[in-house]
Asks: 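For reference, the structure I am asking about is given below.
Reckoned from all heavy atoms, side chains included, excluding hydrogens, waters and symmetry mates. Whatever order the structure lists ligands and atoms in, that order sets their numbers, starting from 1.
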Amino acid sequence: MMSSLFQFLFGLQNPARRPPLPVPRPSSPEFVTVLADKQVKEGEDVTLQCQTNTGHVTVTWEKKDQKLCCVEGKHRTGKEGSAIFLEIKKAELGDEGKYTVTIQNSSGSASCSAMIIVEINEWRTVQWKQDPMISALKNFRISSGDVRELRFLLHGPVGAGKSSIINTIKTIFEGHQFINCLTASALTGESFTTKFEKFNVGDVPFTFYDVMGLEVNESKGVHPDDIINALKGHVPNNYEFKACTPIDEDNRNYILNPTLNNKIHCLVSVIPADKISMMEEEVIQKMRTIRAAASKLGIPQVVFMTRVDQVCTMTQKDVTKLYQSRKIKEKMTECSNRLGVTMNCIFPVKNYHEETKPNEQLNSLMLEAFTQIVHSADDFLKRNSNQQKTVE
Ligand SMILES: Nc1nc2c(ncn2[C@@H]2O[C@H](COP(=O)(O)OP(=O)(O)OP(=O)(O)O)[C@@H](O)[C@H]2O)c(=O)[nH]1
Ligand SMILES: [Mg+2]
C-alpha cells in the first residue's frame with residue numbers, strides 16, 4: 001500500500017515516466033521595425049538596428065547576399081531583448097552595400113534589408129552660391145578686343161544632354177526656364193539636333209553651338225570631320241549636317257578664310273554618366289579623333305559629365321553631395337580612362353530636365369563648370385592674339 005502510494009507519488013515526480021507535455025511553440029518571428037538605409041561618412045561608425053516581436057529567435061546577417069564574415073574590432077552583432085543590431089566601426093568603402101538580417105525560430109523566419117552608403121571625404125569643393133559666379137560672368141570682359149563672343153561647341157553621343165546644357169545655362173542667365181533648345185526623349189536612338197545651331201546666352205558674350213550627336217553607324221549622326229570643320233571655323237550657322245558627306249569647299253556656304261570670330265574657342269565633350277559603360281567603342285573613337293584634332297589646333301577641351309542624378313541616389317536627393325559620392329568618382333574615372341582625359345578636366349553637371357523651379361545648387365554646379373570653360377576659351381584667345389602679334 002505504502003509502496004504503491006510511493007510509486008504513485010514518485011511516478012508523478014519522475015518526468016521520464018510522464019507522457020511528454022507539448023512544448024509551446026514560440027510566436028512566428030516578425031519585424032516590429034525594420035532596418036533603415038544609412039549614409040555614413042568614411043571613418044565614422046554606423047549601426048543598423050531593428051525590433052522583433054519576440055526575443056526567441058536566432059539571428060543571421062548577410063552582406064551583399066553572402067553570410068557576413070564578422071571581423072573582430074570591425075563588426076559587432078547583438079540582441080538585447082527584442083532589439084537586434086549590427087555595428088560597423090570606422091566605415092570604409094568596402095563596407096558599402098546591402099545588409100540583410102534574418103530572424104528564425106521553430107515557427108518560421110523573416111528577413112529585412114537596408115543599404116549602407118559610405119560617403120567619401122569631399123575631394124573637390126564647389127561654391128554653392130550662384131550670385132557671385134553670375135555677377136563675375138556678367139562682368140567678364142574678353143581679353144582679345146577683336147573677338148565679339150566666346151564660342152563653345154558641345155559634342156558627344158546622341159542623347160548625352162548637349163541641348164539640355166544650353167537650356168540650363170540659358171535658364172540661369174535669362175532668369176526663366178528655357179526650353180527652346182529642343183531636347184530629345186532619352187529613349188530615342190537618333191539625334192534630335194541636326195543643325196549647327198547657335199545659341200546666345202542672355203546679354204553675356206558667350207555663344208554655344210549645338211551639334212548633331214555622334215553615332216556608331218557611318219551613315220548616321222554627325223561626321224567627325226564636320227565637327228573638326230566647325231572647330232576650324234568653316235561651318236556656317238544653321239548648316240544642316242549630312243551624315244556621310246562632311247562640308248567642303250564646294251559648298252557655297254563653306255567659310256573659306258575663317259577668323260577667330262568663326263572658330264571655336266573651347267570644345268566641350270558631353271558624356272552621360274549613366275551610359276558611359278555602354279557607349280560603343282566606335283563612338284568613343286570618334287570623340288578621341290575630334291579631341292586629337294582640337295589638341296592639334298590648340299583648342300582647350302573639357303568634359304561635362306551629365307545625368308549624374310541617374311547614377312547616384314545620394315546625388316539625386318542632394319546635388320551638394322556629388323563630390324562625396326563614390327559612384328560619381330567611379331564614373332569620372334571611367335570617363336577619364338575611356339576618353340583619355342585627366343580627372344581635373346571632367347566636370348559632373350546636372351541639367352534641368354523635370355524641375356520647373358529654379359534650383360540654386362544645380363545652377364552653382366553648372367556655373368562652376370561654365371566659369372572654367374570661359375577662362376579656358378579666353379586663354380585660347382590670348383594665346384592666339386599673341387601668336388598673331390608675333391607673326392606681325
Ligand atoms: N536625369 C537627367 N536627365 C537629363 C540630364 N540632362 C539631359 N537629360 C535628359 O536626357 C535626354 C537627352 O537630352 P538632350 O539634351 O536632348 O541630349 P542631346 O545630347 O542634345 O541629344 P541629341 O541632340 O539627340 O544628340 C532628355 O530627355 C533630357 O531631359 C540630366 O542631367 N539628368
Ligand atoms: Mg540635342
Asks: Identify which one of Cys335, Pro348, Cys345, Ser336 satisfies the side chain to side chain contact (heavy atoms under 4.5 Å, CB included) criterion when paired with Val303.
Replies: Cys335
Asks: With respect to atom 32 (N) of ligand 1, which of Val319, Leu365, Asp309 exhibits the smallest heavy-atom separation?
Replies: Asp309
Asks: Ring of Phe347, cation from Arg124 - is the NZ or CZ under 6.0 Å from the centre and inside 45° of the axis?
Replies: yes
Asks: From atom 18 (P) of ligand 1, work out which of Lys350, Glu197, Lys162 has a heavy atom at the shortest distance.
Replies: Lys162
Asks: Between ligand 1 and Ser164, is the shortest N or O to N or O distance under 3.5 Å?
Replies: yes
Asks: With respect to atom 2 (C) of ligand 1, which of Met305, Lys275, His353 exhibits the smallest heavy-atom separation?
Replies: His353
Asks: Would you say Arg307 and ligand 1 have an N/O pair spaced under 3.5 Å apart?
Replies: yes
Asks: Assess Lys67 against Trp61: is NZ or CZ under 6.0 Å from the centre of the six-membered ring, and within 45 degrees of the ring's axis?
Replies: no
Asks: Is the shortest N/O to N/O distance between Gln310 and ligand 1 below 3.5 Å?
Replies: yes
Asks: Does Ile373 share a hydrophobic cluster with Leu381, counting links as ILVMFWY side-chain heavy atoms below 4.5 Å and allowing steps through other members?
Replies: yes
Asks: Backbone or side chain, does any N or O of Ala160 fall under 3.5 Å from an N or O of ligand 1?
Replies: yes
Asks: From Ile103 CD1 over to Thr52 OG1, what is the distance, rounded to the nearest 0.5 angstrom?
Replies: 5.0 Å
Asks: Are any of the N/O atoms on Val158, whether in the backbone or the side chain, positioned under 3.5 angstrom from an N/O atom of ligand 1?
Replies: no
Asks: Taking non-hydrogen atoms only, is Asn351 closer than 4.0 angstrom to ligand 1 via side chain, backbone, both or neither?
Replies: both
Asks: Tell me whether Lys90 is salt-bridged to Glu44, with the criterion being a basic N under 4.0 Å from an acidic carboxylate O.
Replies: no
Asks: Polar contacts were defined as any N/O atom of the residue lying under 3.5 Å from an N/O atom of the ligand; does this apply to Val308 and ligand 1?
Replies: no
Asks: Please set out all donor-acceptor pairs under 3.5 angstrom arising from side-chain atoms of residues 29-38, sequence neighbours excluded.
Replies:
residue : atom : partner : partner atom : Å
Thr33   : OG1  : Gln51   : N            : 3.0
Asp37   : OD1  : Met115  : N            : 2.8
Lys38   : NZ   : Thr47   : O            : 2.7

Asks: Does Ser164 put an N, O or S atom under 2.8 Å from the Mg ion (ligand 2)?
Replies: no
Asks: Within the 4.5 Å heavy-atom criterion, are Val201 and Thr207 side-chain neighbours or not?
Replies: no
